[in-house]
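Read through the structure below, which is laid out as structure tokens, and then see the notes.
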Amino acid sequence: MKFLLTAFLFVAPFLALAKEPAAIHATKLKHPVKPALWKIEGKNLTKPSYLFGTIHLGDPRITTLHPKAEKAFQTSDRFYAEIDMDPAKQVAIAPLLMRTDGKILSESIGPKLTKRLNKALKAINPDLDSKAFEPMKTWVVTMALPTLKLDLSGGKALDAVLYERAISDEKKVGGIETVESQLKIFDDLTEKEQISLLSDSLKAMKKEQAEGKDSVKELLDLYLASDVKKIGEMIKEHMENDMGKNEELGRRLMKTLLDDRNITMTDTIAKKLSEHPGSSQFFAVGAAHYTGKSAIQHLLTKKGYTITPAFK
């Protein structure tokens with residue numbers, strides 16, 4: 001079970017490159033136009049390592065890497081995803097997603113919001129209803145909704161595909177963060193905040209449906225086309241217009257999910273680089289972590305590493 005989709009509507013972990021490309025028909029692509037790839041060199045490294053930006057979704061056009069990313073992946077000795085995706089550890093995550101307040105979901109969110117949730121679920125799949133989510137924490141339901149339709153299709157997310165490939169290739173594998181540290185971000189929200197976020201998410205989904213839009217498809221296309229400007233605009237638009245009364249909470253989550261994690265992930269990456277200077281290591285995290293002033297590649301540069309864009 002996927003424990004966290006990295007909060008698509010809050011973080012938008014999508015590709016950000018240096019130059020906006022011309023319009024591209026994403027449906028005709030076999031892989032992204034450019035790889036979200038940076039080479040790490042310098043200090044005491046004897047082999048280059050790589051930073052790679054992923055998108056936490058499954059689609060053959062995404063899981064088929066750009067040739068430059070494919071070469072970097074194949075030549076690497078070690079692979080690190082955001083978390084360790086060992087199947088046994090994934091199974092251990094499930095209990096952490098379940099409620100501990102003695103209530104079921106519908107009791108906590110109330111009949112009106114439950115009715116709205118059921119309507120949204122039926123729109124995704126006529127066989128779905130809120131009963132399947134009753135044991136889960138409110139925030140888990142909110143995070144699952146945006147990509148639920150795609151998840152039900154059975155496609156594995158890019159991160160999981162790369163992890164499985166790394167295992168098959170007998171690479172050393174691991175995680176940059178712990179499951180507990182990621183879950184804590186949402187577990188620290190009050191139930192009132194979680195309910196409010198669910199309500200706003202359902203409102204945004206209803207608006208999208210009425211307008212005939214599909215944000216997940218749009219973001220897939222943006223990742224494939226490497227459209228920096230529109231990705232940035234989409235993130236900003238959501239944070240400014242779709243958070244309802246939760247603008248302050250949205251800003252807090254963005255800081256925690258991006259800026260704060262960028263610092264801790266950079267520290268972990270630097271530690272692994274220092275521990276294995278003779279290995280080529282491939283670090284794969286959501287591509288939004290390579291954007292903005294707190295971008296991982298900028299933080300690594302401050303630590304003395306030479307970071308070169310490999311997408312040109």
Side-chain angles (χ1 to χ4, degrees), residues 2-14 55-57 97 99 101 103-153 183 185-222 230-258 286 288:
K2 298 177 183 176
F3 78 100
L4 181 61
L5 298 172
T6 317
F8 286 93
L9 295 181
F10 300 112
V11 184
F14 307 103
I55 180 172
H56 309 300
L57 292 172
L97 306 180
R99 306 186 71 89
D101 58 2
K103 297 180 179 180
I104 59 176
L105 179 68
S106 58
E107 290 175 338
S108 181
I109 68 177
K112 290 185 178 180
L113 192 53
T114 299
K115 184 177 181 180
R116 290 172 56 197
L117 174 60
N118 276 319
K119 187 174 182 179
L121 291 171
K122 292 293 184 184
I124 294 172
N125 187 311
D127 295 328
L128 285 177
D129 61 39
S130 61
K131 292 180 181 178
F133 297 92
E134 290 285 29
M136 297 182 181
K137 295 174 181 177
T138 305
W139 70 259
V140 175
V141 180
T142 304
M143 295 306 135
L145 283 174
T147 59
L148 186 56
K149 183 177 181 179
L150 189 60
D151 290 337
L152 291 173
S153 69
L183 295 183
I185 295 172
F186 298 99
D187 280 340
D188 283 349
L189 298 175
T190 67
E191 183 63 11
K192 182 178 180 181
E193 289 173 330
Q194 293 182 45
I195 292 171
S196 187
L197 287 175
L198 174 59
S199 178
D200 282 345
S201 182
L202 291 171
K203 186 182 298 182
M205 289 175 67
K206 182 179 181 180
K207 180 181 178 182
E208 251 194 27
Q209 187 178 11
E211 295 175 351
K213 294 182 178 179
D214 186 340
S215 290
V216 173
K217 181 181 181 303
E218 184 178 349
L219 289 167
L220 276 168
D221 290 347
L222 292 177
K230 289 185 178 179
I231 289 172
E233 289 174 352
M234 195 167 186
I235 296 172
K236 183 177 180 181
E237 180 181 357
H238 171 72
M239 295 310 300
E240 292 181 350
N241 302 327
D242 294 338
M243 290 299 293
K245 299 178 180 179
N246 293 303
E247 289 184 18
E248 185 280 327
L249 176 57
R251 287 192 293 270
R252 175 159 41 105
L253 280 173
M254 284 291 287
K255 179 180 181 299
T256 305
L257 287 164
L258 281 177

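Being a predicted model, the structure only gives us computed values, none of them experimental.
- Shortest non-hydrogen contact noted between L145 and L121 is CD2-CD2, 3.8 Å.
- Considering all non-hydrogen atoms of both residues, G286 and H56 come closest at CA-NE2, 3.7 Å.
- The line from CG of L113 to CG of L202 is 6.0 Å long, rounded to the nearest 0.5 Å.
- Q209 pairs by the side chain to side chain contact (heavy atoms under 4.5 Å, CB included) definition with A123, not counting sequence neighbours.
- Taking S106 as the reference, E134 meet the side chain to side chain donor-acceptor pair (under 3.5 Å) condition, with sequence neighbours excluded.
- In this structure the side chain of L105 reaches within 4.5 angstrom of the side chain of L117, judged on heavy atoms.
- Taking both residues in full, the closest heavy atoms of M143 and F186 are given as CE-CE2, 3.6 Å, listed atom of the first, atom of the second, then distance.
- In terms of the side chain to side chain donor-acceptor pair (under 3.5 Å) criterion, residue partners of D188 (sequence neighbours excluded) are, by chain and number, K184.
- The structure places CG of L198 at 8.0 Å from CD1 of I195, a figure rounded to the nearest 0.5 Å.
- Applying the side chain to side chain donor-acceptor pair (under 3.5 Å) criterion to E191, with sequence neighbours excluded, gives R99, S108, T138.
- K255 pairs by the side chain to side chain contact (heavy atoms under 4.5 Å, CB included) definition with D259, D260, not counting sequence neighbours.
- Judged purely by atom type and a 3.5 angstrom limit, S201 has no side-chain atom pairing as donor or acceptor with the backbone of L197.
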Passes side chain to side chain contact (heavy atoms under 4.5 Å, CB included), N118 versus T114? Steps please. CA-CA 6 Å; N118 276 319; T114 299; 3.7 Å; yes

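- Remark: S199 engages R116 in a side chain to side chain donor-acceptor pair (under 3.5 Å) (not counting sequence neighbours).
- Here the straight-line distance linking atom CD1 of I185 with atom OG1 of T256 works out to 6.5 Å at 0.5 Å rounding.
- Using a 4.5 Å heavy-atom threshold, the side chains of L97 and L183 count as touching.
- F133 is not listed as a side-chain neighbour of V140, based on a closest heavy-atom distance of 4.5 Å or more.
- Classification of D127 and K122 as a salt-bridged pair fails, no side-chain N sitting under 4.0 Å from a carboxylate O.
- In this structure, M136 CE and I104 CD1 are separated by 13.5 Å, a value rounded to the nearest 0.5 Å.
- In this structure, the separation between CD1 on I109 and CD on Q194 is 11.5 Å, given to the nearest 0.5 Å.
- Contact between L189 and E193 at its shortest, heavy atoms only, is CA-OE1, 3.4 Å.
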